[in-house]
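I have placed the structure first, in the form of structure tokens, so that the comments after it can refer back to it.
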Amino acid sequence: SEEAEDVLSDGDVSLMWPLEGETLLAYSADKPIYDATLDQFRTNESLWIAAEQGAVVRAAEDGVVESAESLSRSGNTVTLEHSNGWRTTYGQLEALLVEPGEDVFKGEIIGYVGHTTKYGINQGDHLEFSVHVENESIDPNVAVTE
């Protein structure tokens with residue numbers, strides 16, 4: 001959206017990749033893509049990044065832990081709140097290493113890749129990484145600038 005593009009260009013937030021890896025399931029909020037685990041086409045508002053269990057996951061930007069919880073779909077999941085309405089979410093973590101309200105810094109270890117939940121088991125172990133601006137999902141490939 002135009003509002004999201006304006007925020008992307010405002011320069012106040014500069015995201016880095018939380019880990020390096022191949023894309024297992026692409027971001028596709030508007031067009032259905034094939035999900036091998038569910039054996040169906042669906043939209044996907046996160047980017048699934050292949051990683052071995054135990055791989056380090058780092059905060060993409062300075063922020064505050066908004067939530068750290070275990071969810072049925074994405075397993076152990078951490079959401080960080082950044083400046084100007086930005087949020088990043090990290091799912092399929094091994095354990096919850098941070099707590100709500102805790103300050104985290106860009107590049108700080110916030111977790112490790114864990115065993116994938118049944119909702120993504122056919123893709124193998126991975127990090128589910130998503131970016132939102134003002135509650136609107138943004139393609140991490142566009143949002144990450146470092």
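Only heavy atoms go into these numbers, but all of them, side chains included; no hydrogens, no water, no symmetry mates.
Using modelled atom types, one finds no donor on one side chain facing an acceptor on the other under 3.5 Å when comparing N44 with S28. Side-chain polar atoms of H132 and T89 form no donor-acceptor pair below 3.5 angstrom. Of the N and O atoms on the side chains of T88 and W86, not one donor lies less than 3.5 Å from an acceptor on the other residue.
The CZ atom of R58 sits 6.5 Å away from the CE atom of M16 when rounded to the nearest 0.5 Å. Remark: H126 NE2 to Q53 CD distance equals 11.5 Å, nearest 0.5 Å. A distance of 8.5 Å separates OG of S83 from CG of D62, quoted to the nearest 0.5 Å. Rounded to the nearest 0.5 Å, atoms OG1 (T43) and CD1 (I33) are 8.0 Å apart. The OG1 atom of T23 lies 11.5 Å from the CZ atom of F129; values are rounded to the nearest 0.5 Å.
Side-chain contact between H115 and I121: present, with at least one pair of heavy atoms (C-beta onward) separated by less than 4.5 Å. Residues R42 and L25 have side chains in contact (heavy-atom distance under 4.5 Å, counting atoms from C-beta outward). Residues L80 and V65 are in side-chain contact: their nearest non-hydrogen atoms beyond the backbone lie under 4.5 Å apart. The side-chain heavy atoms of D39 and Y34, taken from C-beta on, include a pair separated by under 4.5 Å. Between W48 and T116 there is no side-chain heavy-atom pair separated by less than 4.5 Å. Residues S130 and E45 have side chains not in contact (no heavy-atom distance under 4.5 Å, counting atoms from C-beta outward). Using a 4.5 Å heavy-atom threshold, the side chains of T117 and Q92 count as touching. When side chains are defined from C-beta on, W17 counts as touching L47, because their heavy atoms get closer than 4.5 Å.
Cluster membership check: L24 does not share its hydrophobic cluster with L127, using side-chain heavy-atom separations under 4.5 Å among Ile, Leu, Val, Met, Phe, Trp and Tyr. In this structure, L96 is a member of the same hydrophobic cluster as L19, with clusters built from ILVMFWY side-chain heavy atoms closer than 4.5 Å. In this structure, I138 is a member of the same hydrophobic cluster as V144, with clusters built from ILVMFWY side-chain heavy atoms closer than 4.5 Å.
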Would you mind writing out the side-chain donor-acceptor pairs for residues 97-114 within the sub-3.5 Å range, not counting sequence neighbours?
{"unit_1": "E102", "atom_1": "OE1", "unit_2": "E99", "atom_2": "N", "d": "3.0"}
{"unit_1": "K106", "atom_1": "NZ", "unit_2": "S14", "atom_2": "O", "d": "2.4"}
{"unit_1": "K106", "atom_1": "NZ", "unit_2": "E146", "atom_2": "OE1", "d": "3.2"}
{"unit_1": "K106", "atom_1": "NZ", "unit_2": "E146", "atom_2": "OE2", "d": "2.7"}
{"unit_1": "E108", "atom_1": "OE1", "unit_2": "F105", "atom_2": "N", "d": "2.9"}

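Of all non-hydrogen atoms in T77 and G75, the two that sit nearest each other are OG1-O, 2.9 Å.
The environment of E69 atom CD is dense: over 12 non-hydrogen atoms of other residues, nucleotides or ligands sit within 6.0 angstrom.
Between the side chain of D125 and the backbone N or O of A51, no donor-acceptor pair lies under 3.5 Å.
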